[in-house]
Peer 1: 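Okay, handing you the structure first.
Hydrogens, waters and symmetry mates play no part in the numbers below; they use all other heavy atoms, side chains included. In what follows, chains are A, B, ... by sequence order, proteins preceding strands, each numbered from 1.
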There are 2 protein chains.
Amino acid sequence: MERSNAVPTARRHPRRRPEHLAEDLLDAAAIEFASHGYDGASTRRIADRAGAHQPQINYHFRSKEHLWRATVSRLFEMMALQLRRQVDEGSSVGAFSDAIRRFLRFSSVHPELNRIINLEATSPSSRLDWLVATHLDPLHRMVGSAWAALRASGEGADLTADEVWELLTSYGALHFANAPMLSRLQTSADGDPAAEAHADSVLRLLFPARMPGPR
Amino acid sequence: MERSNAVPTARRHPRRRPEHLAEDLLDAAAIEFASHGYDGASTRRIADRAGAHQPQINYHFRSKEHLWRATVSRLFEMMALQLRRQVDEGSSVGAFSDAIRRFLRFSSVHPELNRIINLEATSPSSRLDWLVATHLDPLHRMVGSAWAALRASGEGADLTADEVWELLTSYGALHFANAPMLSRLQTSADGDPAAEAHADSVLRLLFPARMPGPR
DNA sequence: GTCTATACCGAGATAGAC
DNA sequence: GTCTATCTCGGTATAGAC
């Protein structure tokens, strides 16, 4: 294992009396799972990062797998919070675009969710089954019907709903999830500044007629 | 660790006398690294999958890290072989499109490369540094100058070279790398059949004027 | 070059004192 | 709820017979 930079080195003996240890553990778990994948992440490091002991994880969550699910569900809840105004509500281009901007803004602030999803996306597992059934499929349906409504009213580029889904998740959100790599290839890719610019890029692909603007 | 389906169960005692054990180990390593990430992959399973013993890996390659680099380099060589006619050669739309089709065809047959790249893309590591410096940066430059030439001659959509790079790798290649997830969301995503259709989708985004064709 | 045996470490999980 | 101690397992790597 490569453990380049030591975790914030939680002080050893005196652990501390956290109001919300469970929350802290979930925060730490998100980072570790996103960086090393499920198999590669270790509950020891997660506990360390949260300033807790490793057995606390088994106490507060039942197992590593339960911790993973709780972590993912929490990230989805945070995203839903940031989206509030749902995608399927207004079928207007404005509402749809607004939802996309919120989604991408969230993805730039919390790239962990898309990272975790992408780590699981490449090989079948019970985690992937759960992820799709519990979280992704409902979202996919919402986006699909919203796009269908737009297309029916003559708006939007000539793309299928599945193509739009992939554009949003792969091209759109991965821009932030893969920032460590992209920043090594390009001038700058991570951080908030580029978030709105990338959203513009996505929207230009989806609505070329509306946003032909030069760069 | 979740080890859902047992590896082809290499016969135990009688190992075999392989012509190219190293090649077999690299094939097996590609699959395991792509499925579980560097940390999650185990040299035992890789050896098992190749019908070899675990210590053989340390004999033929120096370490797990060396095995990983050899695996990645081999996949890039296979891709270069499939691309043969280089991207930067002709600056015509036809040559560029042809290269993209070859790239995506390779990605659909060997999704392991894009999977491995994506696994490393999300967090800094010495492996990511090596990957970018050795393999990705040269490719990125080639694509960049090829696209610049096209744009200079008035061809192609209003996209920056970096946007094109992300469209090709994230939207384009990930379609195949993430097939296990996408196939659970959509009607069908993996396998060769959809490869050309997805290439059409990518090219339609890059050259809307030329390929406005309905679906 | 191939195999067995094994060293050594870190993983997840549990028991039980506090 | 928190902590220490510890169990068991699987990880990478090495030594050495063949």
Side-chain angles (χ1 to χ4, degrees), chain A residues 1-7 9-26 28-29 31-33 35-71 125-127, chain B residues 1-7 9-26 28-29 31-33 35-71 125-127:
Chain A
M1 279 234 205
E2 175 171 328
R3 296 278 110 111
S4 44
N5 38 7
V7 157
T9 311
R11 50 241 165 268
R12 263 298 143 190
H13 271 98
R15 274 287 125 128
R16 58 100 173 248
R17 214 131 315 271
E19 309 287 89
H20 316 291
L21 213 199
E23 300 276 310
D24 291 352
L25 284 172
L26 290 174
I31 295 173
E32 292 294 322
F33 282 133
S35 299
H36 303 283
Y38 180 81
D39 290 334
S42 103
T43 56
R44 275 189 229 262
R45 274 178 63 90
I46 293 172
D48 266 7
R49 185 181 282 276
H53 287 279
Q54 182 261 341
Q56 306 282 71
I57 287 181
N58 290 78
Y59 177 79
H60 285 280
F61 308 88
R62 241 195 95 58
S63 64
K64 187 185 185 183
E65 172 116 14
H66 282 80
L67 171 65
W68 182 86
R69 293 194 186 191
T71 302
S125 72
S126 61
R127 292 190 303 278
Chain B
M1 281 233 206
E2 174 172 329
R3 296 276 109 111
S4 44
N5 39 6
V7 158
T9 312
R11 47 242 169 266
R12 262 300 144 189
H13 270 98
R15 274 283 121 133
R16 57 93 175 254
R17 213 131 315 270
E19 308 286 89
H20 317 291
L21 212 198
E23 299 277 308
D24 291 352
L25 284 172
L26 289 173
I31 296 173
E32 291 294 323
F33 282 133
S35 300
H36 303 284
Y38 181 82
D39 291 334
S42 103
T43 55
R44 271 191 233 261
R45 276 177 61 90
I46 293 172
D48 266 7
R49 185 181 283 275
H53 287 279
Q54 184 261 338
Q56 306 282 71
I57 287 181
N58 291 78
Y59 176 79
H60 285 281
F61 308 88
R62 242 197 94 58
S63 64
K64 188 185 184 182
E65 173 116 13
H66 282 80
L67 171 64
W68 182 86
R69 293 194 186 192
T71 302
S125 73
S126 59
R127 292 190 303 279

Peer 1: Of the listed nucleotides (C:dG12, D:dA5, D:dT12), which one gets closest to any side-chain atom of A:Pro55?
Peer 2: D:dA5
Peer 1: Less than 4.0 angstrom between a side-chain N/O of A:Asn58 and OP1 or OP2 of C:dA13, yes or no?
Peer 2: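 Yes, A:Asn58 has a side-chain N/O under 4.0 Å of OP1/OP2 on C:dA13.
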Peer 1: Between A:His60 and B:Arg62, just flag the one whose closest nucleotide in DNA chain D comes earlier from the 5' side.
Peer 2: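 Counting from the 5' end, the first nearest nucleotide belongs to A:His60.
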Peer 1: Which residues pass the side chain to side chain contact (heavy atoms under 4.5 Å, CB included) test with A:Arg62, sequence neighbours left out?
Peer 2: A:His66
Peer 1: Roughly how many Å is it from CG in B:Asp24 to P in C:dG1, rounded to a whole number?
Peer 2: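 About 15 Å, once rounded to whole Å.
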Peer 1: In whole Å, what is the span from the NE2 atom of B:His66 to the P atom of D:dT12?
Peer 2: 16 Å
Peer 1: Looking only at N and O atoms, is any donor in the side chain of A:Arg44 or the base of C:dG10 less than 3.5 Å from an acceptor on the other one?
Peer 2: no
Peer 1: Check for a donor-acceptor pair, side chain of A:Lys64 on one end and backbone N or O of A:Ile57 on the other, with a separation under 3.5 Å.
Peer 2: no
Peer 1: How close do A:Asp39 and B:Gly40 get, heavy atom to heavy atom, and via which atoms?
Peer 2: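 Closest approach of A:Asp39 to B:Gly40, heavy atoms only: CB-CA, 3.6 Å.
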Peer 1: So, using salt bridge (charged side-chain N to carboxylate O under 4.0 Å, His left out) as the criterion, who are the partners of A:Arg44 when residues are at least two apart?
Peer 2: none
Peer 1: Out of C:dG12, C:dG1, C:dT14, which has the shortest distance to the side chain of A:Ser42?
Peer 2: C:dG12
Peer 1: At less than 4.0 Å, is any side-chain N or O atom of A:Gln56 found next to OP1 or OP2 of D:dC3? Yes or no.
Peer 2: yes
Peer 1: Rounded to whole Å, how long is the line connecting atom CZ of A:Arg45 with atom P of C:dG10?
Peer 2: 12 Å
Peer 1: Kindly indicate whether the side chain of B:Gln54 and the base of D:dA13 share any N or O donor-acceptor pair separated by less than 3.5 Å?
Peer 2: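 Such a pair is found, so the answer is yes.
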Peer 1: Can you classify the ring geometry of A:Trp68 versus A:Phe33 as parallel (below 30°), tilted (30 to 60°) or perpendicular (above 60°)?
Peer 2: perpendicular
Peer 1: Rounded to the nearest angstrom, tell me the gap between atom CD1 in B:Ile46 and atom C1' in D:dG10.
Peer 2: 14 Å
Peer 1: Can you tell me the distance, in whole Å, between the NE2 atom of A:His20 and the P atom of D:dT2?
Peer 2: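 Spelled out: NE2 on A:His20 to P on D:dT2 is 13 Å.
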Peer 1: Could you state the atom-to-atom distance from NZ of B:Lys64 to C1' of D:dA13 in whole Å?
Peer 2: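 Result: 12 Å.
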Peer 1: Send over the distance from A:Phe61 CZ to C:dT14 C1', rounded to a whole Å.
Peer 2: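 Taking atom C1' of C:dT14 as the reference, CZ of A:Phe61 is at 18 Å.
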Peer 1: Return the nearest nucleotide to the side chain of B:His53; candidates are C:dC3, C:dT2, D:dA13.
Peer 2: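 Of the candidates, C:dC3 comes closest.
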Peer 1: Take the protein atom CH2 of A:Trp68 and the nucleotide atom P of C:dA11, then report the distance between them rounded to whole Å.
Peer 2: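 Taking CH2 of A:Trp68 and P of C:dA11, I get 20 Å after rounding.
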Peer 1: State which of C:dA13, C:dT2, D:dT2 makes the closest approach to the side chain of A:Ser63.
Peer 2: C:dA13
